[in-house]
Structures are given as C-alpha cells and as structure tokens.
Amino acid sequence: MFMENNGMLNVKKWVVMYPVYINSKKTVAEGRRISLSKACESPNCIEISDCCKHLKLPSAVEIDKAYPRDFMQVGRVRVQLKREDGTLVNPAIASRKQLMQKIAELVPRHPERVKKQESQKAKKQEPQATTSTAGTSSKAGKGGKKKR
C-alpha cells in the first residue's frame, strides 16, 4: 500500500473510487456508477484495494474519508491509472469506468468473501436439522379465558 507521506508519489492526482460506485444495493441516484448487472453486493475499501493489487495498479486506502452524498459510507480508495508521463500503468484499464467494471468482477471472488459465504452456508445447514424435530413440541400460545 502507498502512503501519502511519501513525497515521491502524488496520491492526490490519482482516481478516487468509493465503494458506493460499484454497490448493487445502491441506485444511480444514491451513487452507483455502473450497470446493476455488472455491480457487486456491498463492497468495502479493503476488497477494492486488494483487487487493485491483483490488477497491478498502485492504490491507497483512505479510511477517514466519507462519500459526500451519504456520509455514513466511510472510506475510499485512490488508484493510479496513469503515470506522471501520461502512460497507462495497466494497458488493459484505460478509464475509470473500465476500472470499476474490472473491480466489480473481482470483488465477489475475493478470498475473504468466499470464506464468509462458506461459513454462512455451514451455519444455515446446522439449525435446519435441529428446528425440524423441536418445532412440534413447542406451544403455540398461552390460551385460556381472558379476564374482563
């Protein structure tokens, strides 16, 4: 990860990527910038930064920054698309739109996300077996006459 303290890198000129831009749960009015079919569900800054590393693009996470339209959405990622001389860092990604689409493709396959999905599937399978046997013996309600 690249820090802002390093005098050689001017992070302020890099492209800004908020997680809202590729979030499928947001509308265009709320800040989504790519089509719903290409967007991914609830991405975070760390996943976006890891995807940039996978694409061999320098990136810097800014946790203390918030999305202006919704200040509860905290964090953003700065990504370097072009070098100082104007050449592309990764020739496959020439624009912000392409960057957003590539990252949205990669986030669902992120290792942390895959682990969470597997653990949730395991948790869902366990309670189903126990509730089917215990559900028949429990009382539905208190019953009885009501006092006037």
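Start at 1 with the first residue, then count along the sequence.
Under the salt bridge (charged side-chain N to carboxylate O under 4.0 Å, His left out) criterion, K25 pairs with E41, sequence neighbours left out.
Among residue pairs with one or both ends in residues 90-99, none qualify as side chain to side chain donor-acceptor pair (under 3.5 Å); sequence neighbours excluded.
In this structure, the separation between CD on Q120 and CD on E118 is 11.0 Å, given to the nearest 0.5 Å. Atom NZ of K26 sits about 14.5 Å away from atom OH of Y18, to the nearest 0.5 Å. Taken from OG1 in T87 to CG in L81, the straight-line distance is 11.5 Å, to the nearest 0.5 Å. Rounded to the nearest 0.5 angstrom, E84 CD and K13 NZ are separated by 6.0 Å. Between atom CZ of residue R78 and atom OG of residue S59 there is a gap of 12.5 Å, rounded to the nearest 0.5 Å. How far CG of L57 is from OG of S49: 10.5 Å, rounded to the nearest 0.5 Å.
The cluster map of Ile, Leu, Val, Met, Phe, Trp and Tyr, joined by side-chain heavy atoms under 4.5 Å apart, puts V79 and L55 in the same cluster. Cluster annotation: I103 is connected to V16 through the hydrophobic network of ILVMFWY side chains, with a link wherever side-chain heavy atoms come within less than 4.5 Å. Connection of V89 to V77 is established within a shared hydrophobic cluster, with ILVMFWY side chains joined at heavy-atom distances below 4.5 Å, either directly or through further cluster members. In this structure, I46 is not a member of the same hydrophobic cluster as L99, with clusters built from ILVMFWY side-chain heavy atoms closer than 4.5 Å. No single ILVMFWY cluster, assembled from side-chain heavy atoms under 4.5 Å apart, contains both V74 and V61.
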* To do: Check the pair I93 / L88 against side-chain contact (heavy atoms from CB on, under 4.5 Å), numbers first and verdict last.
  => CA-CA 8 Å; I93 300 168; L88 295 171; over 6 Å; no
* **Test side-chain contact (heavy atoms from CB on, under 4.5 Å) applied to E30 and D70, step by step** => CA-CA 8 Å; E30 290 172 326; D70 182 10; over 6 Å; no
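Here the shortest heavy-atom pairing between K38 and A104 reads O-CB, 3.2 Å. Residues P19 and I48 share a closest heavy-atom pair of CA-CD1, 3.7 Å. When every heavy atom of E47 is checked against every heavy atom of P43, the shortest pair comes out as OE1-CA, 3.5 Å. A pairwise comparison of heavy atoms in C45 and G75 identifies SG-C, 3.2 Å as the closest pair. Counting all heavy atoms, side chain and backbone alike, Y21 lies closest to G31 at CD2-O, 3.5 Å. Nearest approach of S24 to L36, heavy atoms of both residues: O-CD1, 3.2 Å.
Judged by distance alone, the side chain of E105 and the main-chain N or O of K102 form no donor-acceptor pair under 3.5 Å. Of the possible donor and acceptor atoms, none in the side chain of R32 sits under 3.5 Å from a partner among the backbone N and O of V20.
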